Amino acid sequence: MTTAQKTLASGHGWQVSDVVCTAVAGDKPFEEEHRGFCVAAVTTGTFRYRTRQGTAMLAPGAILLGNPGACYECGHEHGAGDRCISFHFSPAYLERVVADLPGVKRLGFADPRLPPLPALAPLLAEAEAARETDDSDAFEEFGLRMAGAVVAAATGSAAATRTPSRRDQKRVAEAVRLIELNAERPVSLSALADGTATSPFHFLRMFRQVAGMTPYQFLLRTRLHRAAVRLRTCETAISTIAFDAGFNDLSTFNRRFRREMGEAPGSYRAKRTSAR
C-alpha cells in the first residue's frame, strides 16, 4: 500500500485527513472511488489525477476536486510521492454551503482540479499550519471556509458582501457571549450556528464580518487573555492556568501564547516580578 491516511478531524457530514502517498515512477496507478465530495489541497509533490471530469497534473497549491461515486486514478509518472490535506463532504453538507452562495445552482464539480489561486493561498497556509501543529479544533471552520471558497472559485461566483443587519449583529453578540461563558470548554461551530437559527456556513461568514475574526479565533483570544491576566495576578502554576483556560496540553498553550503575546508564558510572568 503506497498511501497512508490519518484523520485530522471529523464531524457530522465532514472529515479532513492527512494523506501521504509514497508511490514512485513505474508504480502502477491505483484506482479508487470518491464516497462523497472531495476537496484535496496538495501540499507537496506532484501527481496525475484522472476522473470523469478530465485529467490534470496536480502540484503544490492545486486543489483536487472529486464528486460522489466518481472513480478516479492517480499516477506518478513524473515524480515520486505527494502529500495532501483532504476534505471530504457529504452531499447534504455541501448542499447547505451551496445554498448560501449567490449564483450557485449546481451541486457538483465540472473540472478535475483548481490551479493554485492567490485567493486560496492564505487559507491553505492556515490549514497546513494547523496540520503541522496538530490543531484539530480548527478544522471545523477550515472545512466550511474551504468548501465555500472552492465552490465559489470553481463556479466563478463570489459571496455577496452586505452590511450586517441588526439581527445579524444581535446573533453575533449572543454567540460572543456564549463563547465567553464557556471559553474553557470545547465550543462547536455547529452548536453556535444552531443557537442563531442559521446554517454553519452562513453563521461563520456573518461572525467574521461582524466580529472581524472567526469564532475559533475569538475563542483562542479569550482563553489567552484570561491566562495572561492570571499569569500577572497570581502564583498558580503555568500548567494549571493553561488547563483551566481550556488548553489540553502545555506545549500547545506555550506555542499559542508566544504567538499571541510575543513571548513565552514564563517570561511574561517574570516581567511582573521584575516590575515589583
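Remember, it's a predicted structure, so these values are computed and weren't measured experimentally.
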Close side-chain approach of [X] and [Y], heavy atoms under 4.5 Å:
| X | Y | value |
| --- | --- | --- |
| Thr46 | Pro60 | yes |
| Leu192 | Phe207 | no |
| Ile85 | Phe142 | no |
| Cys71 | Thr51 | no |
| Cys38 | Ser86 | yes |
| Arg208 | Arg145 | yes |
| Glu33 | Tyr72 | no |
| Phe218 | Val176 | yes |

For the student: nearest non-hydrogen atoms of [X] and [Y], plus distance:
| X | Y | answer |
| --- | --- | --- |
| Arg269 | Leu231 | NE-O, 3.3 Å |
| Asn254 | Pro265 | OD1-CG, 3.3 Å |
| Cys74 | Tyr49 | SG-CD1, 4.0 Å |
| Pro215 | Ile179 | O-CD1, 4.0 Å |
| Leu120 | Ala149 | CD2-CB, 3.5 Å |
| Thr196 | Thr198 | OG1-OG1, 2.9 Å |

Please check if the side chain of [X] supplies one atom and the backbone of [Y] the other of a donor-acceptor pair under 3.5 Å.
| X | Y | result |
| --- | --- | --- |
| Glu141 | Thr214 | no |
| Arg113 | Leu58 | no |
| Ser188 | Ser190 | yes |
| Asp18 | Lys6 | no |

[X]-[Y] co-clustered via ILVMFWY side chain contacts under 4.5 Å:
| X | Y | answer |
| --- | --- | --- |
| Leu219 | Met213 | yes |
| Val150 | Leu107 | yes |
| Val16 | Val20 | no |
| Leu117 | Val42 | no |
| Tyr93 | Leu64 | no |

Handout entry: Within 45° cone of Phe203 ring axis and under 6.0 Å: Arg171 NZ or CZ
Key = no
Please round to the nearest 0.5 Å and tell me the distance separating atom [atom1] of [X] and atom [atom2] of [Y].
| X | Y | atom1 | atom2 | answer |
| --- | --- | --- | --- | --- |
| Thr236 | Arg230 | OG1 | CZ | 4.5 Å |
| Gln53 | Asp111 | CD | CG | 7.5 Å |
| Phe257 | Ile241 | CZ | CD1 | 9.0 Å |
| His225 | Met261 | NE2 | CE | 7.5 Å |
| Arg96 | Leu144 | CZ | CG | 9.0 Å |
| Asn182 | Arg185 | CG | CZ | 5.0 Å |

Salt bridge check, [Y] against [X]: does any charged N sit closer than 4.0 Å to a carboxylate O?
| X | Y | result |
| --- | --- | --- |
| Arg52 | Glu73 | no |
| Glu128 | Arg131 | yes |
| Asp100 | Arg205 | no |
| Arg221 | Glu260 | yes |
| Asp244 | Arg226 | no |

Problem - Audit row: Ser90, Glu95, side chain to side chain contact (heavy atoms under 4.5 Å, CB included) steps and yes/no - result: CA-CA 9 Å; Ser90 70; Glu95 187 174 3; over 6 Å; no
Handout entry: CA sep, side-chain torsions, deciding dist, call: Thr252, Asp249, side chain to side chain donor-acceptor pair (under 3.5 Å)
Key = CA-CA 6 Å; Thr252 298; Asp249 63 85; 2.8 Å; yes
Problem - Verdict with supporting geometry, Phe109 and Thr155, side chain to side chain contact (heavy atoms under 4.5 Å, CB included) - result: CA-CA 8 Å; Phe109 298 119; Thr155 57; over 6 Å; no
Handout entry: Stepwise side chain to side chain contact (heavy atoms under 4.5 Å, CB included) test for Leu204 and Tyr216
Key = CA-CA 10 Å; Leu204 177 58; Tyr216 184 61; over 6 Å; no
Problem - Phe247 vs Phe243, ring-ring contact (aromatic ring centres under 6.0 Å, His included): CA-CA, chis, key distance, verdict - result: CA-CA 5 Å; Phe247 293 92; Phe243 296 139; 9.4 Å; no
Handout entry: Full working for side chain to side chain donor-acceptor pair (under 3.5 Å) between Thr3 and Gln5
Key = CA-CA 7 Å; Thr3 302; Gln5 180 170 307; over 6 Å; no
Exercise for the section: Assess the pair His88 and Phe37: is the distance between their ring centroids shorter than 6.0 Å? Expected result: no
Practice task
Hey, can you tell me if Phe139 and Phe87 have their rings parallel, tilted or perpendicular (30° and 60° cut-offs)?
Solution key: tilted
Exercise for the section: Go through the steps to decide whether Asp82 and His76 satisfy the test side chain to side chain donor-acceptor pair (under 3.5 Å), and finish with yes or no. Expected result: CA-CA 9 Å; Asp82 63 85; His76 292 76; 2.6 Å; yes
Handout entry: Stepwise side chain to side chain contact (heavy atoms under 4.5 Å, CB included) check, Phe89 with Val39
Key = CA-CA 8 Å; Phe89 307 111; Val39 174; 4.0 Å; yes
